[in-house]
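Worth saying up front: this structure is predicted, and the values here are computed from it rather than measured. Counting from 1, the numbers follow the sequence of the chain as shown.
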Amino acid sequence: MAPSETSNIVDDDKTALYQGESNASERILPAETIIKVDDAIESIGFGKFQRRVLWAAGLCFTADATEIMLLSFLSLTLQSEWGLTPRQTANVTACVFAGSLIGTLTLGYLGDHLGRRPIFLLSSAIIALFGVFTAFATGYASLLGIRFMVGFGVGGLTVPFDIFAEFLPTSHRGKHLLVIEYFWTAGSLMTPLFAYFALETSWRLFVILCALPCIISGFLGVCLVPESPRWLISVGEGGRALSIIRNAAAVNGVDPDIIFHSNVRLKDEEVKESGFRDLLNRKWRKVTLLLWLTWMGYAIGYYGTVLAVTRIFDADADEGADAQDGTPTFDYRAIFISASAEILGLFVVIQTVDSVGRIPTQAMSYIFGGIFLFSLAMSAGTASNNLLTVLAFCARAFEMMGSCVTWVSTAEILPTEIRSTGHSAANAMGRTGAFMSPYLVGTNVPIKFVGAAMLAIHLLTACCAWHLPESKGKDLGHVTDEDEVDSVGEKDGSEMTFPYDSNDAVALPTSSDRRIV
């Protein structure tokens with residue numbers, strides 16, 4: 001880099017911006033420096049601090065999975081034990097998705113206006129508290145009310161995901177926002193294990209076990225997760241944001257007094273308050289509608305696939321009650337093998353998402369997920385069990401790939417001021433799709449019709465995802481559509497900026513720009 005290109009970053013008589021190429025503790029900023037929060041987080045690297053946040057946020061995903069997946073066991077168990085009608089049994093599942101729809105709209109909005117951390121802790125507390133209360137339900141009506149509140153808390157779990165995303169350096173974001181999905185898979189696998197060991201003893205013990213991940217997550221959140229510095233910057237609290245980043249640097253083994261000396265301050269990026277109406281203004285309307293359709297399609301596809309696979313392999317599960325205690329007999333082996341496909345799908349997408357990109361990965365995953373589910377439905381009742389198992393395994397693997405990248409892409413596309421609101425609104429559309437899926441894949445609907453309908457939904461979802469903006473390699477929230485990029489200009493090949501990004505902030509140089517002292 002020529003001296004003239006660095007004159008606005010460091011004086012000639014100052015030390016170089018960086019000392020060394022790979023050791024984060026050797027990075028030095030010049031005097032009187034204003035830096036963007038993206039560059040500050042990038043400079044502390046990925047380390048122990050982010051791993052702490054990963055565990056706290058990840059266990060929320062585990063809790064989400066266990067509280068949703070337990071419904072397939074709990075509803076059939078209570079149908080047998082309490083003599084529920086098929087409609088009442090369906091309502092046990094539907095009330096959770098109804099609660100999550102309300103919760104995601106409410107708690108996501110509060111996450112943008114009250115802060116990420118308070119809503120993170122509130123969501124965890126609601127799920128843990130009412131998850132345990134489920135064990136003390138005395139009848140159908142009380143059970144519906146309690147499970148609705150569990151769903152309400154589940155609706156706020158986009159906020160832990162967002163707070164983790166906002167602590168990640170750009171260079172680590174794609175991979176680690178997918179790593180968090182392993183916690184969801186863990187919950188999917190834990191639920192049948194909890195059912196196997198506890199359900200025959202007591203369904204009340206089973207639901208308490210399923211509440212444990214969220215109890216642990218809430219405890220870790222209180223102890224280890226601070227407020228998001230990106231959110232603090234958006235509300236004008238730059239000093240507090242820098243203090244949190246300095247602490248994160250120290251936890252990661254980086255000396256904050258070297259990397260952020262006394263004259264360093266964060267660039268003020270205060271923005272106006274936002275709400276749901278902002279999602280539909282001219283700037284974000286197209287992206288918002290595409291995200292909503294993508295989320296609704298992915299939710300119908302994911303939960304519909306889970307239900308269809310269960311229906312095909314366990315069509316008689318609700319009839320096979322144990323003669324001694326009235327508990328249905330489940331094929332735990334088939335359920336566990338089906339759920340384990342998510343491990344493979346997640347592993348593949350982690351290895352490819354940063355090279356292939358977010359948008360092609362989503363489109364490909366939804367197309368192949370639909371094709372394998374269609375093939376499974378068309379083959380049901382005629383093909384061998386082994387072939388059906390392979391088709392079901394592939395369908396769930398591709399469903400996991402697509403849904404994981406949709407979560408990542410959504411958090412990256414939306415800017416800080418509307419991230420929780422926008423992510424939660426998209427999640428609400430997803431919950432709406434999940435609410436619809438039991439009726440689409442119900443036992444009274446011919447399985448071949450289910451396969452054809454699901455293929456059409458998958459193709460539509462892939463089309464919507466294909467038209468979303470690519471976020472690979474760009475600063476968090478600095479993604480917009482092509483027309484807006486043309487209107488506001490492009491700073492470099494890896495970052496798209498908004499009009500409020502002025503030129504008074506120092507951007508940390510890329511590796512090709514670093515001077516070695």
Side-chain angles (χ1 to χ4, degrees), residues 101-113 155 158-159 161-162 165-166 230-231 234-235 269-301 357-363 366 402-403 405-436 457-472 474-491 495-501:
L101 173 61
I102 303 300
T104 195
L105 294 173
T106 303
L107 296 175
Y109 176 84
L110 293 177
D112 277 335
H113 290 78
T158 55
V159 177
F161 184 87
D162 290 340
E166 291 173 345
R230 297 181 191 269
W231 181 81
S234 74
V235 295
E269 296 181 2
E270 186 173 356
V271 295
K272 67 179 182 69
E273 286 196 1
S274 60
F276 289 106
R277 286 184 300 178
D278 294 280
L279 297 175
L280 295 175
N281 63 24
R282 188 177 64 85
K283 180 177 182 180
W284 291 105
R285 186 184 301 118
K286 177 182 176 182
V287 170
T288 295
L289 294 177
L290 287 172
L291 282 174
W292 286 359
L293 290 173
T294 301
W295 274 74
M296 178 175 284
Y298 118 66
I300 295 175
R358 279 57 161 163
I359 303 309
T361 301
Q362 288 180 81
Y366 291 130
S403 62
V405 182
T406 296
W407 271 81
V408 172
S409 179
T410 302
E412 292 179 328
I413 289 172
L414 298 171
T416 302
E417 66 268 24
I418 61 168
R419 181 168 298 119
S420 282
T421 300
H423 203 167
S424 295
N427 192 33
M429 299 304 292
R431 300 298 178 178
T432 302
F435 182 87
M436 296 163 56
I457 291 172
H458 278 76
L459 294 177
L460 177 61
T461 305
C463 180
C464 293
W466 183 257
H467 287 88
L468 287 170
E470 179 59 71
S471 57
K472 182 185 72 171
K474 300 181 176 68
D475 285 348
L476 194 65
H478 285 213
V479 181
T480 186
D481 60 37
E482 193 175 74
D483 292 338
E484 284 187 320
V485 174
D486 292 339
S487 66
V488 300
E490 189 172 339
K491 287 177 65 177
E495 178 186 357
M496 299 180 186
T497 59
F498 292 124
Y500 61 72
D501 286 325

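- Tyr298 and Ser403 make their closest contact through CE1-CB, 3.2 Å (heavy atoms, listed as atom of the first residue, atom of the second, distance).
- Taken to the nearest 0.5 Å, the CD1 atom of Ile413 stands 5.0 Å off from the CG atom of Leu468.
- Remark: Ser409 engages no residue in a side chain to side chain donor-acceptor pair (under 3.5 Å) (not counting sequence neighbours).
- The distance from the CH2 atom of Trp231 to the NE2 atom of His113 is 10.0 Å, given to the nearest 0.5 Å.
- The shortest heavy-atom contact between Cys464 and Leu293 is SG-CB, 3.6 Å.
- For the residue pair Trp295/Thr410, the side-chain donor-acceptor check at 3.5 Å is satisfied.
- Considering all non-hydrogen atoms of both residues, Gly430 and Ala299 come closest at O-CB, 2.8 Å.
- Considering CE of Met429 and CE of Met296, their distance stands at 3.5 Å, rounded to 0.5 Å.
- Across Val287 and Pro469, no two heavy atoms sit closer than the pair CG2-CD, 4.1 Å.
- Counting heavy atoms from C-beta outward, Trp466 and Ile359 have side chains that approach closer than 4.5 Å.
- Between Ala428 and Leu105, the closest heavy-atom pair is CB-CD2, 3.6 Å.
- With hydrogens and angles left out, the side-chain atoms of Thr294 and Tyr366 include no donor and acceptor closer than 3.5 Å.
- Of all the heavy atoms in Glu470 and Arg358, the pair that sits closest is OE2-N, 3.0 Å.
- Considering CD1 of Ile300 and CE of Met436, their distance stands at 4.0 Å, rounded to 0.5 Å.
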